Amino acid sequence: MPEDRHLKYRELRKLLSRHNVYEVKHRGKGSHRLFVCDNVEGRKISYPVKCHNEGQEIHSYIVRRIRDTFRIPIEEFYKK
């Protein structure tokens, strides 16, 4: 079974965009950026991610929390 791994912010954004999760520009507090999905059980769900630059590494436990929040199975998330 695959495991979550560290991802660069731009890689995370690319993987999430495949699952209809998008980044809301100019919304969030300070250095946090907001990811939003409209179709999780009929509601809008968001998750803030701290990001100072596009190349910043996001830890695996945060990637797992994001996947759990948006209900994306691990096999589908890393599929190319």
Side-chain angles (χ1 to χ4, degrees):
M1 181 169 168
E3 293 183 9
D4 288 312
R5 60 181 192 264
H6 297 315
L7 294 173
K8 301 264 184 207
Y9 180 80
R10 68 176 73 88
E11 295 170 0
L12 175 65
R13 187 177 58 217
K14 184 177 179 181
L15 289 172
L16 288 173
S17 68
R18 296 178 186 168
H19 300 284
N20 299 323
V21 178
Y22 56 93
E23 178 185 0
V24 179
K25 300 276 185 183
H26 308 295
R27 180 138 185 261
K29 190 169 185 174
S31 61
H32 285 74
R33 298 185 185 183
L34 194 63
F35 285 105
V36 177
C37 182
D38 294 328
N39 291 329
V40 177
E41 298 176 358
R43 336 183 295 239
K44 183 182 268 191
I45 293 183
S46 62
Y47 194 90
V49 177
K50 185 183 251 185
C51 176
H52 293 286
N53 60 23
E54 297 289 315
Q56 181 176 349
E57 197 163 284
I58 308 297
H59 293 280
S60 60
Y61 63 89
I62 296 175
V63 175
R64 185 179 68 239
R65 291 292 309 260
I66 292 170
R67 273 193 323 92
D68 292 345
T69 299
F70 295 121
R71 292 166 180 76
I72 303 171
I74 193 166
E75 296 85 16
E76 290 182 25
F77 188 69
Y78 291 107
K79 191 187 313 182
K80 292 186 178 184

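Along the sequence shown, the residues carry numbers beginning at 1. Just so it is clear, the model here is predicted, and its values are computed rather than measured. For the numbers below, each heavy atom of this structure counts, side chains included, while hydrogens, waters and symmetry mates do not.
With sequence neighbours excluded, the residues satisfying side-chain hydrogen bond (donor to acceptor under 3.5 Å, both in side chains) with Tyr9 are Glu23.
Across all their heavy atoms, Val36 and Lys44 have their closest contact at CG1-CG, 3.6 Å. Closest approach of Leu34 to Ser46, counting heavy atoms only: CD1-CB, 3.8 Å. Contact detail for Arg5 and Val63: the closest heavy-atom pair is O-CG2, 3.9 Å.
Atom CG of residue Leu12 and atom CZ of residue Phe77 lie 5.5 Å apart, to the nearest 0.5 angstrom. Once rounded to the nearest 0.5 Å, the distance linking CZ of Arg71 with CD of Glu76 reads 14.0 Å. Between the NZ atom of Lys50 and the CD1 atom of Ile58 there is a distance of 10.5 Å, given to the nearest 0.5 Å. Remark: Ile62 CD1 to Asp4 CG distance equals 11.5 Å, nearest 0.5 Å. The structure places OH of Tyr78 at 6.5 Å from CZ of Arg67, a figure rounded to the nearest 0.5 Å.
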Begin from the C-alpha positions of Tyr47 and Asp68 and carry the test side chain to side chain contact (heavy atoms under 4.5 Å, CB included) through to its verdict. CA-CA 11 Å; Tyr47 194 90; Asp68 292 345; over 6 Å; no

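For residues 51-66, the pairs satisfying side-chain hydrogen bond (donor to acceptor under 3.5 Å, both in side chains) are Arg13-Glu54, Arg33-Glu54, with sequence neighbours left out.
Looking only at side-chain heavy atoms (C-beta outward), Asp38 and Tyr22 come within less than 4.5 Å of each other.
Remark: the backbone N or O of Lys79 is paired with a side-chain donor or acceptor of Arg18 at under 3.5 angstrom.
The side chain to side chain contact (heavy atoms under 4.5 Å, CB included) with Ile66 is formed by just one residue from the set Ile72, Leu16, Val21; it is Leu16.
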